[in-house]
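For ligands, and for the atoms within them, numbers begin at 1 and follow the listed sequence. Heavy atoms only: backbone and side chains are in, while hydrogens, waters and symmetry mates are out.
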Amino acid sequence: MILNAPNPFRPGAGRVPPELTGRSNVLADYTAVLGSVASSGEGERPWIISGLRGVGKTVLLNQCGRDAIDAGWIVIKLEASSSQPLAVQLAKEIYVALRKAATASEKVRKAFKGTFAVFRSFQIKIDPNGAYGFGFDVQPAAGKADSGQLSTDLAEMLESLGLAARAAGTGVLLAIDELQEAPTADLEAMNVALHQLGQDLRPVPLMFLGTGLPSLPAVLAKASSYAERMYLYQTLDVLSPEDTKEALLAPSQRERVTWSTGALDMVQDVSGGYPYFVQACGKHVWDVAASRTIDVDDARIGIGRARDEVDAGLYKSRWERATSAQQEFMKAMAQDNDAPSLVSEIAARLGRAQTAISAPRQSLIQSGLVYTPRRGYLAFTVPGMADYINRHGH
Ligand SMILES: Nc1ncnc2c1ncn2[C@@H]1O[C@H](COP(=O)(O)OP(=O)(O)OP(=O)(O)O)[C@@H](O)[C@H]1O
Ligand SMILES: [Mg+2]
């Protein structure tokens, strides 16, 4: 514990890091798109950002959401889940956004007037029993977003939102996290809706941003074949050595705390730039440090504690939830460490035919623990999973 210096580090899902490093390129591109969409009043290609567990997707999506709010945009943000239809979640979040529009400036309220009625039509089909009051009477818009076909209704709903935003001189951000979790039929409807909007002579000023695991591009392509060409795909990587050091140094400097070169190198090396682990190391090293200069001993002890925390929070439960067939399968994969494993090689290691291992393979993909980085290969979605299995998975 460093006297009078609060610990700035934030390990944990979606927690805003004290310094968002290594994301300036993607954020600069994003800001440029926001600017051009708002000034032209026309939409851009939808974005998909995928990456491994804990690499910083949620944090980035939330930052994009804040930037859009700061720019005066209408923001609809949600986290997809396999247990809830995407359409119902969308209805709930569009409702929240519209309630805000209803209390905004006169110009915004006027622009969105017709959208309330379209929303009513949309909502009556999607979630007829939900509570969606506005404090004033809103009748459904006949013939709009009420066909009962989700793709058509969603396209009409989003178009109405976009047209209103254009009239108000702004844009709409639709941001969905964990998109790979959404039911396939819902993803298909969403793809169709976005595809349809993109084909307009003058697409409405809507920006779509979807984030999820590395399996997401394949999941979208499975829902609609043209998804491969429709979205602009980007991957989010672990932090470079320089960005890792910056993530540790910048917040420390603000508290007038410095790191010895050896301590900094050690954390950078051990963390591999994995953002969740970087935050965990920062936090624990800080907690064990006794003075304002963090040394190698602080780093060594702190890294050990960080590893225990990450083991307990990230790997242990995933390992223990797996069936014994899945565990055997993952152990065979872990021999390749974090590198992708050839499926034929996994089968050989298990002494089985490839067809005989398809059940654990499918179930591990289904549960989001492994994915197919390229044909014939499998890899873990959680960085460091192989290392954990090699240390603990006996
Ligand atoms: N660019 C960054 N620089 C420093 N720390 C970061 C960065 N991005 C994320 N982090 C930290 O990494 C951790 C994980 O971030 P986040 O929850 O956004 O990851 P994620 O990719 O959404 O993970 P999951 O796949 O489990 O949802 C958090 O503790 C966050 O503070
Ligand atoms: Mg996340």
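- Near E19, the atoms of ligand 1 lying under 4.0 angstrom from a non-hydrogen atom of the residue are 3 (N), 4 (C).
- Among the atoms of T58, an N, O or S atom falls under 2.8 Å of the Mg ion (ligand 2).
- Counting only heavy atoms of the protein, atom 14 (C) of ligand 1 lies nearest to G54 O, 3.7 Å.
- The distance from ligand 1 to the heavy atoms of R23 drops below 4.0 Å at these ligand atoms: 1 (N).
- Using a 4.0 Å cut-off to heavy atoms of T58, the atoms of ligand 1 that qualify are 18 (O), 20 (P), 22 (O), 27 (O).
- Note on F122 and L163: same hydrophobic cluster, where clusters join Ile, Leu, Val, Met, Phe, Trp and Tyr whose side-chain heavy atoms are under 4.5 Å apart, directly or indirectly.
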Are M207 and V172 close enough, and set up right, to give a side chain to side chain contact (heavy atoms under 4.5 Å, CB included), and what steps lead you there? CA-CA 6 Å; M207 169 78 186; V172 178; over 6 Å; no

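- Aromatic rings of F116 and F136 (six-membered ring for Trp) have centroids within the 6.0 Å cut-off, being under it.
- Contact atoms of ligand 1 toward R10: 28 (C), 29 (O), 31 (O) (distance under 4.0 Å to a heavy atom of the residue).
- Both tests hold for R374 against Y377: distance to the six-membered ring centre under 6.0 Å, angle to the ring axis within 45°.
- Between D177 and K77 there is no salt bridge, since none of the side-chain N atoms of the basic residue sits less than 4.0 Å from a carboxylate O of the acidic one.
- Numbered from 1 in the order shown, with element, the atoms of ligand 1 that lie under 4.0 Å from a heavy atom of R15 read 28 (C), 30 (C), 31 (O).
- Near A13, with a cut-off below 4.0 Å to any heavy atom, the atoms of ligand 1 are 17 (O).
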Quick one: do F134 and Y95 satisfy ring pair (Phe, Tyr, Trp, His ring centres under 6.0 Å)? Show the steps, please. CA-CA 9 Å; F134 285 106; Y95 170 64; 5.3 Å; yes

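- Counting only heavy atoms of the protein, atom 15 (O) of ligand 1 lies nearest to G56 CA, 3.7 Å.
- For ligand 1 and G14, the ligand atoms under 4.0 Å from any heavy atom of the residue are 16 (P), 17 (O).
- Between L20 and ligand 1, no N or O atom pair is found at a separation short of 3.5 Å.
- Counting atoms of ligand 1 from 1 in the listed order, those under 4.0 Å from a heavy atom of R53 are 23 (O), 24 (P), 25 (O), 26 (O), 27 (O).
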